[in-house]
There are 2 protein chains.
Amino acid sequence: MPGRQGANRVTLREVADHAKVSVATVSRVLAGNYPVAAETRRRVEQSIQALDYVANVHARALAGVAPRTVAFVLPDVRAPAFAHAAQGVEEASAEHGALCLICTTQGDPERERAVFQLLREQRASAVILIGGVIDDAEYRARIIDLAQGSRLVLCGRPPVGQVPAVEYANEAGAHAVTQHLLSAGHQRILFLGGPLSGPATTTVADRLAGYRRALGHPGWTQPAEFTRESGYQQLCARLPEDFTAVFAATDLVAAGARAALRAHGLRVPEDVSLVGYDDLALAEDLNLTTVRVPYEELGRAAVHLALSGGTEHEILETSVVVRGSVAPF
Amino acid sequence: MPGRQGANRVTLREVADHAKVSVATVSRVLAGNYPVAAETRRRVEQSIQALDYVANVHARALAGVAPRTVAFVLPDVRAPAFAHAAQGVEEASAEHGALCLICTTQGDPERERAVFQLLREQRASAVILIGGVIDDAEYRARIIDLAQGSRLVLCGRPPVGQVPAVEYANEAGAHAVTQHLLSAGHQRILFLGGPLSGPATTTVADRLAGYRRALGHPGWTQPAEFTRESGYQQLCARLPEDFTAVFAATDLVAAGARAALRAHGLRVPEDVSLVGYDDLALAEDLNLTTVRVPYEELGRAAVHLALSGGTEHEILETSVVVRGSVAPF
DNA sequence: CTGTTAGCGCGTTCAC
DNA sequence: GTGAACGCGCTAACAG
């Protein structure tokens, strides 16, 4: 192992001195984009090794050679769906030789602003935004505003003005599972999910829209937050009633719904059929028929879009994963 | 909204000109650590607004004011345990006003090296490392090597040489659940988990050690990777046998074990008791008695340790969470 | 209180 | 092929 310098403050200058050449020469062998005598190059490389020289990105960036950096901004890494998207972003960034920053905001617009400020200071090449949102005028204005600073790409949300986005076929997926339920003979299907009060996020709104389009009428809905707990309580509040199937807006909600059904002595799928959305790992545990959302692909696509500079509106496909939570009625 | 500049290349100089002051003055109102006439400050602030000026971290860093950056290096963000730790790291970093970088390595030492190189170039204030490892000489050498570049803190692993670490009472937790099983009258307890071949990671090794210490003898073990699938298959391979309880090395493994038990017509806990480790969300779904590991705290503690520059070896507590998967025997 | 100026570490013309 | 010198945007003395 070469002699290490601890705090590692070795500069180009020192390497140059050590190798008895000028800084320009060292810079050249480092960049490798300019002819350097073999012997000289060897000597320089040795010095670099010996001193354990590590280039300083800051100096480099200032001199015009900025490393690519893509930032992924999300409410919370612990949410499986977001974690999967993050994985996709990470992988795609690495493939592009870009460093990946992951920043969480806890859904707080204030923190989101702070994070963006930080990212602008960092001169991030691109920032990708994910997380449920209510698509109102205030929100759209905020996005337009944020987009000024750096290249912005929306993920799992509709595009806003000139700000590009990569989405998944959310409404279509909801339509498909509902259709699946309908084909099995179900007629009274309860949609479980949505805000307990106030406007819905685009995510729920689209799923609800797909459900309604398949049904051909407004159907029946029971609000519930995107948590297991809420799914449990909100369905209990609705039980007993005469629906034969439940469409939970999320796998997590479905997990809660399933528990609620059981608590009321109802079996899945014998007594009540149940479907979810997202296809998280727990859907398999629960043997839950659900809609698969390609979260990792979503992240990857966002990175490509961000780095390619495109402005198209990409929409990834969703598909229903049939397991054992639906029985014919 | 102020007039935005798109690519945002406004410099201090321009702001100074706009406000008819010197760059030093602008720098001062920005830093706020030096007296500036109220009127002047107001004018400068207006110019900053008008031009939508955003400081350049790189220039700043080069001039000596480096922003704190803590990097969290992990195998995979999708693993719930790691995601929770990441959340802790993120929050603690934010509290310290530090930017948080999250980098994944897929457990590939090569990628790990590349990431470290990148982080050194970034002049990261600290890097925190998490993920299962086999504690051999090669590994220890690698850590020592990596630690040269920047401030390193190990997370959920034992310290190596001068490299500090924050762990959780892994062995003690395993001892405690085993004791819990013993108290319920169980004697033949199977430990499910561990490498199918080769040496174990410190994580399993410690859990196994706790199990054995409680038992007072080597006990019975069946290898299994840390996945639901492996838990299922490896337990099936062992069934039927006459143990009355299973200690799964991980909640995920426990989920698989539970499915295997069911597939063989065995009920939990009536026929066989089952415990896991980690206390992930799914443990609650499964009504699984398990050991709670404070992953978020682990992440937070690592950040504090990293930023405080301490070198202590911190060990967080674990506790057994009693749910309904254990019955007296 | 405010302006001038010298670096921070590196890439990049230019001359040699 | 190689070296000297300027500038990237900003902070921190140092003078006024």
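Scope of the values below: all heavy atoms of this structure, side chains included, with no hydrogens, waters or symmetry mates. Here is the naming used below: chain letters follow the sequence lines, and residue numbers restart at 1 for every chain.
- Taking atom NZ of residue Lys20(B) and atom P of nucleotide dC1(C), one finds them 23 Å apart after rounding to whole Å.
- Ala24(B) comes within 4.0 angstrom of a nucleotide base, judged by non-hydrogen atoms across all strands.
- No side-chain donor from either of Gln49(A) and Glu45(A) sits under 3.5 Å from a side-chain acceptor of the other.
- A close approach under 4.0 Å does not occur between any side-chain nitrogen or oxygen of Thr40(A) and OP1 or OP2 of dG1(D).
- Arg157(B) pairs in a side chain to side chain contact (heavy atoms under 4.5 Å, CB included) with only one of the listed residues (Ile143(B), Val163(B), Val166(B), Ile130(B)), which is Ile143(B).
- Rounded to a whole Å, the CG atom of Asn33(A) is 13 Å from the C1' atom of dC10(C).
- Under the 3.5 Å distance criterion, the side-chain polar atoms of Ser308(B) are matched with a main-chain donor or acceptor of Gly310(B).
- Ring planes of His58(A) and His58(B): tilted class, angle from 30 to 60°.
- Contact annotation for Val26(A): no contact, since no heavy-atom pair falls under 4.0 Å across all strands.
- Considering only the side chain of Thr11(A), dC10(C) comes nearest among dG9(D), dC10(D), dC10(C).
- Between the CG atom of Leu51(A) and the P atom of dG9(C) there is a distance of 14 Å, rounded to whole Å.
- Between Glu121(B) atom CD and dG9(C) atom P there is a gap of 16 Å when expressed in whole angstrom units.
- Regarding contacts with the backbone of dT2(D), every side-chain N or O of Thr25(A) stays at 4.0 angstrom or more from both OP1 and OP2.
- Straight-line distance from the CD atom of Glu14(B) to the P atom of dC8(D): 11 Å, rounded to whole Å.
- Listed nucleotides dG7(C), dT12(C), dA4(D) differ in distance to Ser27(A); the shortest reach to its side chain belongs to dT12(C).
- Regarding Leu30(B), its CG atom lies at a distance of 12 Å from the P atom of dA12(D), rounded to whole Å.
- Each of dG3(C), dT5(C), dC10(D) was ranked by its minimum atom distance to the side chain of Arg28(B); first place goes to dG3(C).
- Nearest nucleotide to the Val65(B) side chain, out of dG3(D), dC10(C), dA12(D): dA12(D).
- Rounded to an integer number of Å, the gap from CZ of Arg123(B) to P of dC8(C) is 14 Å.
- Taking 4.0 angstrom as the limit, Arg60(A) places a side-chain polar atom (N or O) nearer than this to OP1 or OP2 of dG11(C).
- Remark: Tyr34(A) is not in phosphate contact with dG3(D), judged by side-chain N or O atoms under 4.0 Å from OP1 or OP2.
- Nucleotide dC10(C) holds its P atom 12 Å from the CG atom of Asp17(A), rounded to whole Å.
- Salt bridge annotation for Glu138(A)-Arg142(A): present, with a cationic side-chain nitrogen under 4.0 angstrom from a carboxylate oxygen.
- With DNA chain C read from its 5' end, the first of the two nearest nucleotides for Leu62(A) and Pro35(B) is the one closest to Pro35(B).
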